[in-house]
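Written out below as structure tokens is the structure these notes cover.
What's counted below: heavy atoms across the whole structure, side chains too, no hydrogens, waters or symmetry copies. Note that the numbering runs from 1 along the sequence shown for the chain.
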Amino acid sequence: MQNRPSPPAPAPLIEVRVGPLHLTIQRLPIRLLTFLATLAGSAGATLLISR
């Protein structure tokens, strides 16, 4: 039986370091992205129509 080395961990999508704060996002949350896109589209349409 061979001992295979584990594959390297994937690099994080976003890594933010500000002083003692260290924020790492491994993958993109699809539901959050969908919600933000819908919200931005609705706000954009509202601004466009209200002019």
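- Contacts classified as salt bridge (Lys or Arg N to Asp or Glu O under 4.0 Å) and involving residues 15-25 (residues at least two apart or in different chains) are given here: E15-R17.
- Applying the salt bridge (Lys or Arg N to Asp or Glu O under 4.0 Å) test to every pair with at least one member in residues 31-50, sequence neighbours left out, gives no pairs at all.
- Under a 4.5 Å side-chain heavy-atom cut-off, the cluster of Ile, Leu, Val, Met, Phe, Trp and Tyr residues that includes V16 is completed by L13, I14, V18, L23, I25, L28, L33.
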Kindly list each side-chain donor-acceptor pair under 3.5 angstrom involving residues 35-51, sequence neighbours excluded, with atom names and distances?
{"unit_1": "T38", "atom_1": "OG1", "unit_2": "T34", "atom_2": "O", "d": "2.9"}
{"unit_1": "S42", "atom_1": "OG", "unit_2": "T38", "atom_2": "O", "d": "3.0"}
{"unit_1": "T46", "atom_1": "OG1", "unit_2": "S42", "atom_2": "O", "d": "2.8"}
{"unit_1": "S50", "atom_1": "OG", "unit_2": "T46", "atom_2": "O", "d": "3.1"}
{"unit_1": "S50", "atom_1": "OG", "unit_2": "L47", "atom_2": "O", "d": "3.1"}

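- Scored by the salt bridge (Lys or Arg N to Asp or Glu O under 4.0 Å) test, R4 finds no partners at all (sequence neighbours excluded).
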